[in-house]
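Since the model is a prediction, treat every value here as computed from it, not as a measurement.
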Amino acid sequence: MLTGIQPSGDLHLGNYLGMVRQVLSFQETDDVYLMIADLHAQTVPYNPLEFKNRILDLGKSLLALGVDPKKLVFFRQSEIPEHLYLYWILGTLTPLGELTRMHQYKEKKERYEHVGIGAGILMYPVLMAADILLYQSDVVPVGEDQVQHVEITRELARKYNGAFGEAFKIPQELLIKETARVMSLDNPEKKMSKSLPEGNLPLFEQEQEIVQKIKSAVTDSGSEVIFNEREKQGIANLMVIYKELTGKTITDIEQEFKGVGYGVFKQAVVESFLSFFKDSRKKKENISDHQVLKVFEEGKEKAQSVARETLYIVLQQTGLK
Ligand code: AQP
């Protein structure tokens with residue numbers, strides 16, 4: 001399987017509960033490719049110096065969380081030019097209309113309208129298809145926002161296989177249903193996002209910030225800790241977070257906080273977060289830039305040998321070799 005994560009901001013709890021923990025569990029048993037999707041992150045405005053640091057920081061965060069380069073292949077997308085080659089070929093097969101209908105395209109186009117964005121954000125799903133298909137992925141662990149991109153990947157794989165010969169496996173998205181869409185703390189109708197820092201919960205943020213963010217999470221005018229996704233979205237989101245961090249059931253949680261109000265519950269969410277990530281937060285402090293670069297270097301070699309094999313078949317089938 002292959003999955004990726006963009007260095008587009010600080011790694012947050014949504015990324016962890018939606019995707020990273022799937023990787024941590026699959027690395028024990030499966031053949032996993034995990035990439036830093038640095039080319040994808042260039043589809044929205046960025047500062048090059050900050051960007052460079054973010055790549056290293058994301059590498060450190062993932063290693064601190066338990067990503068083990070001995071068990072999986074951990075690499076940077078931009079270091080494997082085969083991604084860009086396949087991206088071009090798949091791009092020639094992609095209906096333009098489908099790209100303009102992608103949720104992420106519509107949402108980001110609107111969000112960055114004031115600065116203007118390039119065609120990269122439109123072509124984002126094609127690059128993602130190239131990433132996935134190069135590694136012959138059967139499954140792609142993702143959060144809900146990326147499902148549409150895996151769907152178009154399937155379509156492109158079928159289209160290519162039909163036109164040029166069987167080069168690609170047909171991949172399937174893999175979601176953890178309950179946490180496929182962790183919501184923003186400042187607006188529970190929106191998805192938690194790296195690029196919307198006000199409402200996200202970065203895993204390695206200063207403790208004070210975390211406390212402050214959870215305590216000021218938007219809830220409702222009531223006071224009962226009851227799971228109701230339609231009428232109490234903010235509390236429901238915090239309950240799912242607390243459930244995942246403690247292993248308790250929703251019924252247990254309702255029982256535990258009966259009659260105590262939101263303040264006590266939020267304090268418990270703070271404590272569960274800090275305790276869950278305590279070791280990783282400590283571990284990250286001791287990971288050096290050099291260690292991360294070495295991991296990327298080793299990952300690059302392993303990833304490239306697989307990517308080359310697939311691309312070679314594609315070049316032959318399309319008459320370029
Ligand atoms: N809120 C979320 N809940 C569950 N899963 C989520 N993911 C993202 N947000 C949530 C999943 O995390 C993985 C890595 O995400 P990405 O780096 O590919 O970028 P993204 O999907 O666009 O996530 P962000 O955090 O919202 O980044 P920006 O703000 O840069 O767009 C993916 O599997 C994603 O589904």
Side-chain angles (χ1 to χ4, degrees), residues 1-7 11 15-40 55 58-87 90 125-143 146-147 149-158 160-161 165-177 179-180 291-315 317:
M1 63 181 68
L2 171 123
T3 194
I5 180 149
Q6 300 179 72
L11 194 67
N15 300 135
Y16 182 83
L17 294 178
M19 187 275 266
V20 177
R21 68 173 168 164
Q22 297 203 61
V23 169
L24 297 180
S25 125
F26 285 119
Q27 72 177 355
E28 302 301 327
T29 47
D30 289 78
D31 199 4
V32 181
Y33 290 81
L34 171 66
M35 62 168 206
I36 304 256
D38 44 9
L39 297 173
H40 273 116
I55 293 169
L58 181 56
K60 285 181 193 173
S61 298
L62 290 166
L63 292 174
L65 287 167
V67 163
D68 184 347
K70 291 197 196 79
K71 296 180 179 162
L72 50 62
V73 180
F74 185 26
F75 67 103
R76 283 179 59 179
Q77 179 187 35
S78 62
E79 293 195 310
I80 317 288
E82 283 77 3
H83 289 240
L84 291 169
Y85 214 144
L86 183 58
Y87 159 75
L90 294 176
V126 184
L127 180 57
M128 184 158 155
D131 302 333
I132 295 167
L133 298 179
L134 267 181
Y135 297 90
Q136 303 293 353
S137 316
D138 295 298
V139 287
V140 187
V142 282
Q146 296 295 336
V147 170
H149 296 161
V150 184
E151 285 166 358
I152 197 170
T153 300
R154 263 199 300 279
E155 249 177 72
L156 287 173
R158 289 201 183 102
Y160 178 97
N161 286 351
E166 295 288 319
F168 304 124
K169 283 194 177 175
I170 308 298
Q172 195 66 41
E173 62 277 7
L174 209 58
L175 295 181
I176 301 180
K177 195 171 151 270
T179 54
Q291 257 171 288
V292 179
L293 291 170
K294 199 159 165 263
V295 167
F296 288 157
E297 193 54 41
E298 286 165 9
K300 175 187 164 184
E301 272 183 38
K302 293 185 198 155
Q304 195 159 32
S305 70
V306 178
R308 269 195 189 138
E309 259 178 58
T310 306
L311 186 68
Y312 190 78
I313 296 169
V314 170
L315 295 181
Q317 288 175 331

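- Counting only residues at least two apart or on different chains, the side chain to side chain donor-acceptor pair (under 3.5 Å) pairs with a member in residues 18-32 are Arg21-Thr179, Arg21-Glu244, Glu28-Lys71.
- Across every non-hydrogen atom of Ile36 and Ile55, the tightest pair is CD1-O, 4.2 Å.
- Asp131 places none of its side-chain heavy atoms less than 4.5 Å from the side chain of Tyr87.
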* Is there a side chain to side chain contact (heavy atoms under 4.5 Å, CB included) between Leu34 and Phe26 once you walk through the steps? -> CA-CA 11 Å; Leu34 171 66; Phe26 285 119; over 6 Å; no

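- Atom CG of Leu24 sits about 10.0 Å away from atom CG of Asp68, to the nearest 0.5 Å.
- Among residues two or more places apart in sequence or in another chain, the side chain to side chain donor-acceptor pair (under 3.5 Å) test is passed with Glu155 by none.
- Across all non-hydrogen atoms, the minimal contact from Ala307 to Leu134 is O-CD2, 3.5 Å.
- Leu17 is not listed as a side-chain neighbour of Ile176, based on a closest heavy-atom distance of 4.5 Å or more.
- You'll find the side chain of Val306 reaches within 4.5 Å of the side chain of Tyr33, heavy atoms only.
- Checked against Asn161 for a side chain to side chain contact (heavy atoms under 4.5 Å, CB included), the options Leu133, Ile170, Leu156 give a single hit: Ile170.
- In this structure, CD1 in Ile80 is found 12.0 Å from CG in Leu311, a value given to the nearest 0.5 Å.
- Applying the side chain to side chain donor-acceptor pair (under 3.5 Å) test between His40 and each of Gln77, Gln6, His83 identifies Gln77 as the sole match.
- With Ser137 contributing its side chain and Pro171 its backbone, the two residues share no donor-acceptor pair below 3.5 Å.
- Considering all non-hydrogen atoms of both residues, Pro141 and Thr3 come closest at O-OG1, 2.6 Å.
- Leu11 has its side chain within reach of Leu65: a pair of non-hydrogen atoms, C-beta onward, lies under 4.5 Å apart.
- Atom-to-atom distance recorded for Ile5:CD1 and Leu58:CG is 5.5 Å, nearest 0.5 angstrom.
- Within the 4.5 Å cutoff, side-chain heavy atoms of Val150 are placed close to those of Met128.
- With contacts defined as side-chain heavy-atom distances shorter than 4.5 Å, the pair Val73/Val32 does not qualify.
- The shortest heavy-atom contact between Ile132 and Thr153 is CD1-OG1, 3.8 Å.
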Please tabulate, one pair per line, all N/O donor-acceptor pairs under 3.5 Å involving side-chain atoms of residues 293-304, not counting sequence neighbours.
unit_1 : atom_1 : unit_2 : atom_2 : d
Gln304 : NE2    : Glu82  : OE1    : 3.0
Gln304 : NE2    : Glu82  : OE2    : 3.4

* Evaluate side chain to side chain contact (heavy atoms under 4.5 Å, CB included) for Glu173 paired with Arg154, printing each intermediate quantity in order. => CA-CA 10 Å; Glu173 62 277 7; Arg154 263 199 300 279; 2.8 Å; yes

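- Within the 4.5 Å cutoff, the side chain of Val142 has heavy atoms near those of the Leu175 side chain.
- With values rounded to the nearest 0.5 angstrom, Tyr160 atom OH is found 8.0 Å from Leu86 atom CG.
- Between Gln172 and Val139, some side-chain heavy-atom pair lies under the 4.5 Å cut-off.
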